[in-house]
Amino acid sequence: MPPENPEIPEPKIDTSIPHNARIWNYWLGGKDNYPVDREMGEQIRSFFPEIVDNAIADRAFLVRTVTYLAQEKGIRQFLDIGTGLPTHNNTHEVAQAVAADARVVYADNDPLVLAHARALLTGSEQGATDYVDADLRDPDAILAAAAKTLDLSRPVALMLLGVVNFVADDAEVRSVLDRLLGALAPGSYLVVSHPTDDIDNERAHQVAAAWNEKGTPKLTIRSAAGIEALFDGLELLEPGVVSCSLWRPEPAEVGNIRPVAEYGGVARKA
């Protein structure tokens, strides 16, 4: 259920600069985007048409990981940072379909996401959903706000899908991850998806260059090894860090799946 008094400020949306959440929304077939976002989306798709497959695979990865953690591991709390715009199969919808009492906190600092935040606050009566207007680079603010809805003394699934790639400095990423994971109870999980250059190095960096010329926030591409390093100190679940489309696909999908240049993994905090 929504928090009693959600105080969501009036967002200021800049429609002159293409933005990640809106471009991603465009690739997923959404309508919460502007001409500048569609122009950038089409520019990238013109030389890397598989980018749409990346977006679709990333969303499917979210569905499979949340379902697995709620259904197989009994996780009832999710902290989704960099959630992006509400679309089909949001984290709380997937989690609460498995367990109606699941509690979900979203965190993002995108003004358009903020404008749609109330759509993320509709969940089951038994569970809870909340939204925090905060940046990944400010983990203390996120944790303080999340603690109003989540019990951080019990396991939490930390969802970082397509957001770590907007922090370029590896040391800063490590610091943020250590702070977030350090505040979570043993038995918590880290879920990450991240664009990689392992499949097509040249075009992956072409995408980043095109994006960073006009878009915001700036995009960083990492190797599979660089993405795997994000899970250092944790118990990485099988099949490890792989293409999002290849992370525990449904039986009916096996044999009909193409790797995408978006890698993902799930790991447990001991």
Side-chain angles (χ1 to χ4, degrees), residues 2 6 8-67 78 80-97 104-123 129-136 159-166 191-195 207-208 210-212 214-219 244-245 258 260-262 264:
I8 300 178
E10 187 68 26
K12 297 179 181 179
I13 300 170
D14 186 349
T15 62
S16 66
I17 300 174
H19 197 283
N20 164 61
R22 303 193 307 248
I23 297 172
W24 205 253
N25 175 266
Y26 173 62
W27 285 331
L28 285 172
K31 297 180 180 179
D32 296 314
N33 48 73
Y34 296 95
V36 66
D37 307 307
R38 296 190 285 275
E39 181 181 349
M40 172 63 78
E42 284 304 312
Q43 178 186 343
I44 293 174
R45 189 156 67 171
S46 69
F47 61 81
F48 189 34
E50 301 95 326
I51 194 69
V52 175
D53 296 331
N54 283 21
I56 293 171
D58 187 74
R59 177 57 53 161
F61 175 71
L62 180 152
V63 173
R64 292 199 303 277
T65 54
V66 171
T67 299
F78 295 81
D80 187 339
I81 303 176
T83 179
L85 288 161
T87 182
H88 183 56
N89 285 331
N90 300 296
T91 297
H92 72 282
E93 294 171 325
V94 178
Q96 291 174 357
V104 179
V105 172
Y106 294 102
D108 206 305
N109 70 331
D110 175 76
L112 190 59
V113 177
L114 185 61
H116 287 266
R118 292 187 189 279
L120 289 170
L121 300 180
T122 58
T129 58
D130 201 358
Y131 178 85
V132 179
D133 180 29
D135 191 284
L136 174 64
M159 311 290 295
L160 299 176
L161 274 62
V163 63
V164 176
N165 39 282
F166 294 114
V191 182
V192 175
S193 68
H194 194 299
V207 168
W211 188 293
N212 293 339
K214 298 178 182 177
T216 184
K218 302 306 180 186
L219 174 65
C244 284
S245 59
R258 291 189 305 172
V260 297
E262 187 86 6

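Treat the numbers as computed from the prediction; the structure is a model and nothing was measured. Note that these values count all heavy atoms, side chains included, but never hydrogens, waters or copies made by symmetry.
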To check you understand the geometry: which heavy-atom pair defines the closest contact between [X] and [Y], and what is its length?
X    : Y    : answer
T129 : T122 : OG1-N, 3.9 Å
I23  : P18  : CD1-CB, 3.9 Å
L219 : P195 : CD1-CG, 4.0 Å
S16  : V36  : O-CG2, 3.7 Å
V113 : G84  : CG1-O, 3.4 Å

>> Keeping R64 on the side-chain end and C244 on the backbone end, is there a donor-acceptor pair under 3.5 Å?
In response: yes

Rounded to the nearest 0.5 Å, what separates atom [atom1] in [X] from atom [atom2] in [Y]?
X    : Y    : atom1 : atom2 : value
L114 : D133 : CG    : CG    : 4.5 Å
N212 : K218 : CG    : NZ    : 5.5 Å
I17  : R22  : CD1   : CZ    : 8.5 Å
I51  : W211 : CD1   : CH2   : 7.5 Å
T91  : Q96  : OG1   : CD    : 10.5 Å

> With sequence neighbours left out, which residue pairs that include part of residues 31-62 fulfil the ring pair (Phe, Tyr, Trp, His ring centres under 6.0 Å) condition?
Replying inline: F61-W247

Could you tell me which residues satisfy salt bridge (charged side-chain N to carboxylate O under 4.0 Å, His left out) with [X], sequence neighbours excluded, listed by chain and number?
X    : value
E39  : none
D32  : none
D108 : none

> Residues in ring-ring contact (aromatic ring centres under 6.0 Å, His included) with W27, at least two apart?
Replying inline: W24

>> Using the ring-ring contact (aromatic ring centres under 6.0 Å, His included) criterion, which residues pair with Y106? Sequence neighbours excluded.
In response: H92

> Under the side-chain contact (heavy atoms from CB on, under 4.5 Å) test, which residues partner T67, sequence neighbours left out?
Replying inline: V63, Q71, V94, V98

> Taking only residues two or more places apart in sequence, or in another chain, which ones meet P217 in a side-chain contact (heavy atoms from CB on, under 4.5 Å)?
Replying inline: H19, N20, F166

Is any side-chain heavy atom of [X] closer than 4.5 Å to a side-chain heavy atom of [Y]?
X    : Y    : result
N90  : D80  : no
L160 : V191 : no
M159 : T65  : yes

> For N25, which residues count as a side chain to side chain donor-acceptor pair (under 3.5 Å) partner, sequence neighbours excluded?
Replying inline: N33

> side chain to side chain donor-acceptor pair (under 3.5 Å) with T83: which residues, sequence neighbours excluded?
Replying inline: none

>> Per the salt bridge (Lys or Arg N to Asp or Glu O under 4.0 Å) rule, what does the pair list look like for residues 48-61, sequence neighbours excluded?
In response: E50-R203, D53-R258

> What salt bridge (Lys or Arg N to Asp or Glu O under 4.0 Å) pairs are there with at least one residue in residues 81-94, not counting sequence neighbours?
Replying inline: none

>> Walk me through whether Y26 and E42 qualify under side chain to side chain contact (heavy atoms under 4.5 Å, CB included).
In response: CA-CA 9 Å; Y26 173 62; E42 284 304 312; 2.7 Å; yes

